[in-house]
> 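Dropping the structure in here first, questions after.
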Amino acid sequence: GMSYALLLNKERPLEAKTHVSHAWGERIKEFVEAIERSGEKGPFWICSFSMYQNNELSKGVTIMEQLGPDPKYGPAATVMKQFKSMLVIPTNGEDMFTRLWCVYETFNATQNGVRVRLHTQIPPDDLYMGRTHKDTCVVESMYRVKAVSKRCGRPGSDMNNDEIAIRKEINCSSAGFDELDTKIETIRLANLVTYPLYHAVYGKTAARDHIKNAIEAIFSGLPKNEKFQPFRVFLEDEYVTGAGPVDTKLGDVRNNYERNEIDMFDKWLGGINEEIQSYSHLPNINNSRIRLKQGPGPQMDFRGQTQRGYGPEWWGVSLEQVQKLKLHPKYYQVDKNGRPNYTMEDFNKDMIKPSTDGMEIGYALFHNQDNPLKVKIMVSHAWSESIQEFVEAIERSGEEGPFWICALAMYQNDDESKGVTIKQQLGEDPKYGPFATVLKHVDHMMAVLTNACDIYTRLWCVYEISIAIQHNVKVQLCPHINPDDLYMGRTNNDICVAQAKNPVVSSEAHCGDPDDEEDIREEIESTSGKFDEVDRTVERIRLEYLVNYPLQLGCRKTTARDHIREAIEAILDRLPDNTDLLSFDNFLLREGHKSHSGLKSATRPKEFDDSDSPEDHLYYITNDDRSETIDIFEEWMCTLRAAI
């Protein structure tokens, strides 16, 4: 005879800290996601989990017995006397303010000075694309609460005892239903004026239009207040028109509510917010603006300039945020040969720079203001790669981050009047700059390779590998290959396989900035192995990738292995010092027949073509009656893995 909450925690019951007000008609998925995104940590008091859901006396205490005869002495009112915060979860499934119990919980919270915060479940992609009109709070704000008309039980039924008692308590209070309406509307208003609009990357003007309309709808139901002016009145004769049709080529990444580089919309919200804060009778409302707080300052001997006190180890993005690049209208853009050609450089110019312009922080911190992400994986990449191939390469790696990705991590700014510049973030000495600092913090670096650019021709990428070597950071190659190509055995379309025949000559790499190039060359030349050590390390990393190649193929199983073998042997020729690194033929001569005497290699037909064949590969040895078959290619790869 105990509730779900006590059953789960019977060894150590949890004392609740936050009351969660919700409607039972909501979808559980939306409910859970809303709590997850609220940032609240709990423990939570949630009616359906906290109350023992039982109506049979023979099975223990009933719901009616737990509620007691008077709501003001019942469980919801009792816990409200010891809580400091209440989380209100409106969802698309049901308007919770149509339920008198939810209205009563808000009444209790305001009577006891409990901080009330609305938090809706809006899909991250909708918020990212500026679809604020899909937020339940925005939609419901267009309609007044009118708490006096709300019911317990089914609509049209007679008042039950709970409803009679709740109405009596609210009516007998000094506030009454009218004042309760005002408090609920003001709580809604507080939610809207602190809306996290920085998460809207596209549709920025349209997103603000919906918020503006919702705020002004609430104004019409509140007592007259000269500080609560419609936006057009606030601007007086400087009225800024709303959004026009979204330009999908530009992605609507600019905010049309700006005047002379001042965000008038933000200024309007700020004035309303200050007025709400001044309400002595609403101490329960959390009105703090969602803005990045000052960071802890530079760490690990970082000597560049931070982004508002956050050093580069805090400039991380999650896998989910990397995947959001797919929402860009040009993500799938291709050239005349059908290859993706919308590059990271294009993305920076069209989206990153405009969306962070004047914010003094990079894309990563901008989208994680409420919870900056500490980096776990450094990503080395070239700006001329397509963002489609870049994202797919990271997805294929299986890593989840948080990632340090230069384009997203650095504040892409060259104007000192708009905050710290790229040059200032880099600092005067590369070994104390952001790249070196991050590599002191992580133990894993991924090098993304795509068809568009050989990263070993970029001196910054070469330098990142050099630092990784010095700090014993594991370097993993992350080349792009289309999943269909991999399934069809076209391993020659893997950039790492295709380029293996070309030796790495890092000393010939260059930077766009001559000063950076001079500093980096001097730094690499000061190491014991110089550029030669970088070359040898990259060749070993390439080889490690190839000997661990995922050969789950649908067809061309022999030809696919031919390409891998040729790539491996091209690299082996450049690593003569390790005598255990044998070519396939030498392995077959020295090891294959010695370990498997009496077995012979499979023979290929004269006109061999496995392009449409799902049959197994021919890299095996077998006896005459084929009762014993050994995958000699896999044995060769295992030997190479051990030697590396």
> Could you state the interatomic distance from CD1 (I377) to CH2 (W404), rounded to the nearest 0.5 Å?
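That separation rounds to 14.5 Å.
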> Atom CD of residue position Q53 - does it have more than 12 heavy atoms of other residues, nucleotides or ligands inside 6.0 Å?
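Yes - once you tally the heavy atoms of other residues, nucleotides and ligands closer than 6.0 Å, there are more than 12.
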> If you measure only the distance, is there a donor-acceptor pair under 3.5 Å linking the side chains of Q321 and N368?
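Yes, N368 and Q321 have a side-chain donor paired with an acceptor closer than 3.5 Å.
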> Could you go through the side chain to side chain contact (heavy atoms under 4.5 Å, CB included) check for V391 and Y331 one step at a time?
CA-CA 10 Å; V391 171; Y331 179 81; 3.5 Å; yes
> Are H328 and Y202 near enough that their ring centres are under 6.0 Å apart?
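Yes, the ring centres sit under 6.0 Å apart.
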> Under the 3.5 angstrom rule, does the side chain of S397 hit a backbone N or O of E399 as a donor-acceptor pair?
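Confirmed, S397 side chain pairs with E399 backbone.
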> Any chance you could measure Y411, atom OH, to I352, atom CD1, to the nearest 0.5 Å?
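Answer for the OH-CD1 pair, Y411 versus I352, is 13.0 Å.
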> Any side-chain donor-acceptor pair under 3.5 Å between D135 and Y195?
yes
> Compare every heavy atom of I166 with every heavy atom of P71, then report the nearest pair and how far apart it is.
CG-CG1, 3.9 Å
> Looking only at atom types and distance, does a side-chain atom of N413 sit under 3.5 Å from a main-chain N or O of V420, one as donor and one as acceptor?
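Checking the backbone N and O of V420 against the side chain of N413, a donor-acceptor pair under 3.5 Å is found.
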> Hey, does the side chain of N191 reach the backbone of R117 with a donor-acceptor pair shorter than 3.5 angstrom?
no
> Do the side chain of W315 and the main chain of I405 share a donor and acceptor less than 3.5 angstrom apart?
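Judged by distance alone, no pair lies under 3.5 Å.
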> Which atoms form the tightest heavy-atom contact between M359 and S355, and what is the distance?
CG-O, 4.2 Å
> Determine whether a donor-acceptor pair (N or O, by modelled atom type, separation under 3.5 Å) exists between the side chain of T62 and the backbone of N55.
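Checked: no pair found.
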> Less than 4.0 Å between a side-chain N and a carboxylate O, is that true for E36 and K29?
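Salt bridge between K29 and E36, a charged N being under 4.0 Å from a carboxylate O: no.
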> If you take all heavy atoms of I272 and K227, which pair is closest and at what distance?
CG1-O, 4.4 Å
> Between E30 and E26 (side chain of the first, backbone of the second, donor and acceptor by atom type, cut-off under 3.5 Å), is there such a pair?
no
> Atom CZ of F44 and atom OG of S50: how far apart are they, to the nearest 0.5 Å?
11.5 Å
> Distance check, rounded to the nearest 0.5 Å: K324 atom NZ versus L127 atom CG?
8.5 Å
> Output every pair passing salt bridge (Lys or Arg N to Asp or Glu O under 4.0 Å) with a member in residues 167-177, not counting sequence neighbours, ordered by first then second residue.
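Found E163-R167.
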> Below 30° counts as parallel, above 60° as perpendicular, anything between as tilted: where do the rings of Y104 and F107 land?
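Plane angle under 30°, so parallel.
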> Any donor-acceptor pair under 3.5 Å linking the side-chain atoms of T18 with those of S85?
yes
> Is atom CD1 of I28 surrounded by more than 12 heavy atoms (other residues, nucleotides or ligands) closer than 6.0 Å?
no
> For a side chain to side chain contact (heavy atoms under 4.5 Å, CB included) check, start with the C-alpha distance between Q82 and E15, then their side-chain angles and the critical distance, and finish with the verdict.
CA-CA 10 Å; Q82 64 188 54; E15 185 177 0; 4.1 Å; yes
> If you round to the nearest 0.5 Å, how far is CZ of R12 from NZ of K10?
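So the NZ of K10 and the CZ of R12 are separated by 15.5 Å.
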> Any ion pair linking R308 and E360 (charged N to carboxylate O, less than 4.0 Å)?
yes
> Would you check if the side chain of N112 reaches a backbone N or O of N108 as a donor-acceptor pair within less than 3.5 Å?
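Side chain of N112 to backbone of N108, a donor-acceptor pair under 3.5 Å: yes, one is there.
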> If you look only at pairs with a residue in residues 402-413, which of them pass as a salt bridge (Lys or Arg N to Asp or Glu O under 4.0 Å), with sequence neighbours excluded?
none
> Do you know which two heavy atoms are closest between D126 and K134, and how far apart they sit?
OD2-CD, 3.4 Å
> Check for a donor-acceptor pair, side chain of E185 on one end and backbone N or O of T182 on the other, with a separation under 3.5 Å.
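Here the side-chain-to-backbone pair does not exist.
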> Supply the atom-to-atom distance L222 CG to R188 CZ, rounded to the nearest 0.5 angstrom.
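L222 atom CG to R188 atom CZ measures 10.5 Å (nearest 0.5 Å).
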> Within a reach of under 6.0 Å around CG of D125, are more than 12 heavy atoms found that belong to other residues, nucleotides or ligands?
yes
> Could you please spell out the steps behind the side chain to side chain contact (heavy atoms under 4.5 Å, CB included) verdict for S3 and L6?
CA-CA 5 Å; S3 69; L6 273 179; 3.8 Å; yes
> Just wondering, are more than 12 heavy atoms of other shown residues or ligands nearer than 6.0 Å to CG in N161?
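Not buried by this count: 12 neighbours or fewer within 6.0 Å.
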> Between R144 and G221 (side chain of the first, backbone of the second, donor and acceptor by atom type, cut-off under 3.5 Å), is there such a pair?
yes
> Any chance the rings of F390 and H381 have centres within less than 6.0 Å?
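When the ring centroids of F390 and H381 are compared, they turn out to be within the sub-6.0 Å range.
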> Please report the shortest heavy-atom distance between M86 and V114, naming the atom on each side.
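That would be N-CG1, 3.6 Å.
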> Do you know which two heavy atoms are closest between Y52 and M2, and how far apart they sit?
CD1-O, 3.2 Å
> Checking Q388 side chain against Y342 main chain: does a donor-acceptor pair fall under 3.5 Å?
no
